[in-house]
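Just below is one structure, and these are the notes that go with it.
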2 protein chains.
Amino acid sequence: MVNLEWYRTFKAIYKTGTLTGTAEVLFISQPGVSLHLSSLETYVGHKLFDRTGRKMIPTEHGKVLFNALVDPLTKLEEVEKNFQRSTEKHVPTISVGMCFETFQITLEQYVSTLPFNLIISFGDYPEMLDQLDKGILDLIITPKKGISANIEHESFSHEKIVLVAGKDVDSIAFKEVLKTKNKGFIEEWLKQQKWYGTTGDMEHLFNFWNLNFGKKPDFRPNYIVPNLNSIVRCLSAGTGLAVVPDFLCHSEIDNGSIQLIWEGDKKLKNTLYFGNRKKTVHHEEIDHIKTLFRKVMAR
Amino acid sequence: MVNLEWYRTFKAIYKTGTLTGTAEVLFISQPGVSLHLSSLETYVGHKLFDRTGRKMIPTEHGKVLFNALVDPLTKLEEVEKNFQRSTEKHVPTISVGMCFETFQITLEQYVSTLPFNLIISFGDYPEMLDQLDKGILDLIITPKKGISANIEHESFSHEKIVLVAGKDVDSIAFKEVLKTKNKGFIEEWLKQQKWYGTTGDMEHLFNFWNLNFGKKPDFRPNYIVPNLNSIVRCLSAGTGLAVVPDFLCHSEIDNGSIQLIWEGDKKLKNTLYFGNRKKTVHHEEIDHIKTLFRKVMAR
DNA sequence: ACACATGTATCATATTTATGATACATGTGT
DNA sequence: ACACATGTATCATAAATATGATACATGTGT
């Protein structure tokens, strides 16, 4: 098996052009460098440098190898810097998992202001929970609590799944229909309208329909757009209906570009939780993000 | 300095959960694994695993470290596979440098059909030439020849920098103006029109104007779009003028959605070259790409 | 053309690192 | 509660690796 140190030495030779220089850079002896290189050359089965008078010139194979490993190797060398036992703080990286739509209307606007690095990861909730436990994620925003003992959940807001419409939709007429309390009428009126949906999940629409009409919706949305925020933007154009979490369109409802026309007979409401490991070295950063969330969600 | 092998061992411990298992996976002894881990722990200054009865449980620091290094480390471990002295061929990766617009109208459509991996790199020509020499690129498409002895150039096509217009532009009128051969008239007529430009370089327009009017253009384009292909698409809508390389809009000119209204009094013409290292292990793949280019450029 | 500066390869030797043997620790099943 | 399976830590020792000294090679400047 190739010794990873050979790679480091190889890269340094490639950069410095001499074994002596490499030795100085890596704080090892020149014969050691020579040894590393010859070991690597033997291993890969190709000469990697042409030894000219003063300089090591990479061969074609050397160039190919170099390109194959510079990027990951450089990144790996960087890792060390973040772990030196030093007093100087380094900028940590926080990984947060949530659904795409939530990110767009909450954190996105603040990303550039964060005093640490951020990785947003989109995925489904059980997977996110697993990754949180494994340490791949540091914080998740989810409507479903997990059961792991290492993870603490904290509710911070609610989402209501509601029926919204563009401002040009005749909500007065719909109110009249609602007043009849006749499920058949209501359903029929709704099915007459133009509906929006997303490529991925129809979960909200299914649940909403199921809760209010006791069955699956027997129609397909007329327009399929990439995500829930696209729906909100489309509705803002004037017409159409969709079932979405209310917090995704608070501002649009407030300024009148979208109407909340029905919260449902039985209301569909989820609690939103923060989830993070109880033990974490990133409490400060996580709290920072939580604060931003609370600010955005409290309107 | 950390020994990169410690990382490999650390990752394996994280994955297997035991030192013994790690030893088997890495073909080293269990005490060796123990040594690597304790060395790494000493170095980073934190315990990385809790030793429970049967399993190594990563500590918070262990999780953070793991996340910091899995990706690059895994990639680095992959490198080895591509260099084993084996008879089985592996899929090579070819790096090609060219300008963004050229890529879009030539290679883009064939990318999925290539029997090798491809990395397209966009940059300026001198830099690309340098990277070609260093082995970071394997092939470049450029209008400027370099001088390095290791690099061979081959002309394969030409580009004419021409004045094009949307189909609704009154080219008959412009022909009349051209007939006057009065530079002032021509310039005036052109400046009356709506012009397109790109965010980045105005080089084509500058050169064209300079060659035909002996000065810099004293107006700014009315519409600034991201790249030359955007210009072509915008012009296809009907109106507007732009100076672009002809090969970017061959098909649009042919089908009449764009008019080539002036090649200039003095023609602005570049030769396009392939550039690659004379010594390369990727001749076959490079020839494949060259063939595609010749096919696209010959119309 | 020469001395010199710069750089690589090869030794014997020193140091580091890995190993096998084994003691010790902790869950598991009866 | 006990024996046993599974796993880690710690030795002395073996093997691998790194080092300093030095020979050798090749450009550079006078």
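Every chain is numbered from 1 and lettered A, B, ... according to where its sequence line falls, protein lines coming before strand lines.
The pair Lys75(B)-Glu78(B) does not count as a salt bridge, with every side-chain nitrogen at least 4.0 angstrom from each carboxylate oxygen. Remark: Asp133(B) does not engage Arg277(B) in a salt bridge, criterion side-chain N to carboxylate O under 4.0 Å.
One interatomic measurement links the two molecules: CZ of Phe27(B) to C1' of dA18(C), which rounds to 17 Å at whole-angstrom precision. Between the P atom of dA18(C) and the CD atom of Glu5(A) lies a distance of 11 Å, rounded to the nearest Å. Nucleotide dA14(C) holds its C1' atom 17 Å from the CD1 atom of Ile28(A), rounded to whole Å. For Asp50(A) and dG7(C), the CG to P distance is 18 Å, given to the nearest whole Å. Across the protein-nucleic acid pair, Leu19(B) atom CG and dA18(C) atom P stand 14 Å apart, rounded to whole Å. Atom CD of Glu41(A) is separated from atom C1' of dT8(C) by 12 Å (rounded to the nearest Å). Atom C1' of nucleotide dT16(C) and atom OH of Tyr43(B) are separated by 18 Å, given to the nearest angstrom. Note: CE (Met56(A)) to C1' (dT6(C)) measures 14 Å, nearest angstrom.
Of all nucleotides present, only dC2(D) satisfies the Watson-Crick or G-U wobble test against dG29(C), with each distance under 3.5 Å. In this structure dA16(D) sits in a base pair with dT15(C), meeting the Watson-Crick or G-U test at under 3.5 Å. Under the Watson-Crick and G-U wobble criteria, each requiring two contacts below 3.5 Å, nucleotide dC24(D) is paired to dG7(C).
Phosphate contact (OP1/OP2 of dA9(C), side-chain N/O of Ser34(A), threshold under 4.0 Å): present. Considering only side-chain N and O atoms, Arg51(B) lies under 4.0 angstrom from the phosphate OP1 or OP2 of dA9(D). One finds a side-chain N or O of His36(A) lying less than 4.0 angstrom from the OP1 or OP2 phosphate oxygen of dA18(D).
Comparing Trp6(A) and Gln30(B), the nucleotide of DNA chain D nearest to each residue sits closer to the 5' end for Gln30(B).
Heavy atoms from other residues, nucleotides or ligands lying under 6.0 Å from NZ of Lys278(A) number more than 12.
When heavy atoms are screened at a 4.0 angstrom cut-off, Thr20(A) is found touching base atoms of the nucleic acid.
Between the side chains of Thr22(B) and Lys15(B), no donor N or O sits under 3.5 Å from an acceptor N or O.
Listed by chain and number, the residues in a ring-ring contact (aromatic ring centres under 6.0 Å, His included) with Tyr110(A) amount to none (sequence neighbours excluded).
For Pro31(B), the side-chain atoms get nearest to dG20(C) when compared with the rest of dG20(C), dT17(D), dG7(C). In this structure, of dT17(D), dA18(C), dA9(C), it is dA18(C) that holds the atom nearest to the side chain of Leu35(B).
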